[in-house]
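Okay, so here's the structure we're looking at.
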Protein chains: 2
Amino acid sequence: MSRKPKRIRDAEVTKAQILDAAMEEFAKYGLNGARTENIASGSGVTKAMIYYYFESKETLYQEVLNQLALQLNELGLAKLNLKELHPEIALKTAVYEFINYQATHPKFGRILWHEALQNQGKYYKQIDWNQSYKYLLEILEKGMKQGCFRQLDPFLTAMHINGVCNFYFDAYENIKHLTPNIDLRSPEMIEKHAEAAIDFIMAGVVNKGE
Amino acid sequence: MSRKPKRIRDAEVTKAQILDAAMEEFAKYGLNGARTENIASGSGVTKAMIYYYFESKETLYQEVLNQLALQLNELGLAKLNLKELHPEIALKTAVYEFINYQATHPKFGRILWHEALQNQGKYYKQIDWNQSYKYLLEILEKGMKQGCFRQLDPFLTAMHINGVCNFYFDAYENIKHLTPNIDLRSPEMIEKHAEAAIDFIMAGVVNKGE
DNA sequence: GTCTATAATACGATAGAC
DNA sequence: GTCTATCGTATTATAGAC
């Protein structure tokens with residue numbers, strides 16, 4: 001009579017594995033669509049463990065969002081010290097890093113889109129995302145003040161820049177059908193997107209009249 | 001003994017009402033998240049009617065996507081005869097009309113985002129969206145050939161333009177929390193977005209060196 | 001063509017043994 | 001700390017009366 005081998009008991013490890021699998025599942029289906037059974041099997045534990053470490057599926061989801069915000073602030077734009085650079089260089093760098101982040105962390109954007117669409121931003125609201133967003137605003141405002149950027153609405157411009165960077169990745173599952181012969185996820189195409197996006201954005205923002 | 005008044009029997013009307021309510025529900029929650037009960041109550045019929053007129057929730061969803069593609073082709077860019085205009089005017093018009101379409105048909109973008117995210121474009125693939133997408137490509141290519149647009153990758157540029165137009169609307173539920181004092185859905189703000197988007201896109205595309 | 005009632009199942013969450 | 005077994009409910013879909 002062989003039994004299922006029992007798991008090594010390690011709270012830290014188990015909790016981290018659940019969070020990882022949860023991020024994967026939430027990225028695919030969002031809070032509502034995610035299945036606790038999938039999170040359990042994805043992390044190699046039973047469903048009951050999820051409720052031992054986290055109060056509910058909802059709490060687990062909130063924790064995933066928290067982790068996301070932490071990761072973004074750590075790995076993201078903070079360490080680049082963009083404020084001290086020339087606005088043009090700062091903006092180019094920020095856009096490049098942001099696209100790179102999207103390419104290497106595809107779950108990030110997807111979770112936030114699911115959040116906006118199916119939860120109407122209910123949980124997004126509970127988390128402070130401002131740091132990363134404000135960097136971009138500051139760069140734009142500084143560039144306008146210095147005259148190297150055109151006079152634009154900083155908020156709308158930030159949204160437009162975001163759209164240029166994001167759409168390629170987050171609408172991928174639809175637009176891949178428009179170009180069946182091109183692998184939009186290949187490093188070469190992503191690099192092309194990054195270059196074209198930077199070119200497009202800079203042309204849209206930089207003041208050529210000087 | 002009062003009874004629930006029976007519905008007037010009219011197949012056409014009932015079917016249309018179900019489709020309307022379904023579009024509403026799918027726009028909110030996508031195929032998986034949508035509840036047939038909500039679609040039923042939203043259209044004033046019972047759940048059984050959905051299965052009488054449509055094979056299943058899935059079939060109903062496919063029909064909604066079909067309707068969407070039809071509406072887009074009818075109301076959209078086709079009637080503008082953009083090919084005969086100067087590329088700059090054509091692009092400005094296309095962007096303006098597209099933003100206007102998004103503003104007046106918010107369900108359109110939401111359904112497609114849900115489709116990309118939760119179904120990985122499985123049903124999107126079954127429908128021909130090419131017309132509307134190809135208009136934009138043709139405008140860009142014509143402008144580049146004539147020299148009034150810069151030499152850009154037409155496909156990537158089309159994606160970037162799409163991102164500029166869309167993000168404002170489709171990420172609304174998240175970004176509204178970033179600007180609690182501004183109503184991003186007011187006609188004034190949408191008009192500002194449209195103007196800024198056109199300005200941004202034209203600056204990114206038009207060849208200034210001539 | 002429309003309804004009520006219900007079958008069948010999937011899923012979040014919990015109890016309790018080990 | 002981890003497991004198995006199960007409860008309770010929500011939900012898609014169908015059967016059958018009117």
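Every chain is numbered from 1 and lettered A, B, ... according to where its sequence line falls, protein lines coming before strand lines.
Tyr124(B) does not carry Lys176(A) over the face of its six-membered ring by the limits of under 6.0 Å from the centre and within 45° of the normal. Within the cation-pi definition used here (under 6.0 Å to the ring centroid, within 45° of the axis), Lys15(A) qualifies as a partner of Phe54(A).
To the nearest angstrom, P of dT12(D) lies 15 Å from OH of Tyr61(B). Put simply, CZ on Phe54(B) is 16 Å from C1' on dT12(D), counting in whole angstrom units. To the nearest angstrom, P of dA10(C) lies 14 Å from NZ of Lys57(B). With rounding to whole Å, Ile8(B) atom CD1 is found 13 Å from dG1(C) atom C1'. The CD1 atom of Ile50(A) sits 10 Å away from the P atom of dA13(C) (whole-angstrom rounding).
Of the side-chain N and O atoms in Thr46(A), one or more sit less than 4.0 angstrom from OP1 or OP2 of dC3(D). For Tyr53(B) and dT2(C), the shortest distance from a side-chain N or O to OP1 or OP2 is below 4.0 Å. In this model, the phosphate group of dT14(C) is not approached by any side-chain N or O of Tyr51(A) to a distance below 4.0 Å at OP1 or OP2.
Screening residues 22-47 of chain A for salt bridge (charged side-chain N to carboxylate O under 4.0 Å, His left out) gives Glu24(A)-Lys107(A) as the qualifying pairs, with residues at least two apart or on separate chains. For residues 180-189 of chain A, the pairs satisfying salt bridge (charged side-chain N to carboxylate O under 4.0 Å, His left out) are Glu173(A)-Arg185(A), with sequence neighbours left out.
Applying a 4.0 Å cut-off to non-hydrogen atoms, the residues of residues 20-41 of chain B that approach DNA chain D are Ala34(B), Arg35(B), Thr36(B), listed by residue number. Of the residues in residues 9-18 of chain B, Arg9(B), Asp10(B), Ala11(B), Thr14(B) come within less than 4.0 Å of DNA chain C through at least one heavy atom, sorted by number. Near-neighbour residues of DNA chain C inside residues 111-123 of chain A, defined by a heavy atom below 4.0 Å, are absent.
A heavy-atom distance below 4.5 Å is not found between the side chains of Val206(B) and Arg150(B). Using a 4.5 Å heavy-atom threshold, the side chains of Leu60(B) and Leu19(B) count as touching. Taking 4.5 Å as the limit, every side-chain heavy atom of Glu115(A) sits out of range of all side-chain heavy atoms of Phe26(A).
In summary, the side chains of Glu58(A) and Tyr123(A) do present a donor paired with an acceptor at a separation below 3.5 Å, with no hydrogens or angles considered.
By the 30° and 60° cut-offs, the orientation of the rings of His193(B) relative to His160(A) is tilted.
Each of dC3(C), dA13(C), dC3(D) was ranked by its minimum atom distance to the side chain of Met49(A); first place goes to dC3(D). Nearest nucleotide to the side chain of Lys47(B), out of dT2(C), dT12(D), dT4(C): dT12(D). The side chain of Ala48(B) sits closest to dA15(D) out of dA13(D), dA15(D), dT14(C).
Checked by atom type and distance alone, the side chain of Gln118(B) pairs as donor or acceptor with a backbone atom of Asn32(B) at under 3.5 Å.
For Asp20(B), there are no side chain to side chain contact (heavy atoms under 4.5 Å, CB included) partners, not counting sequence neighbours.
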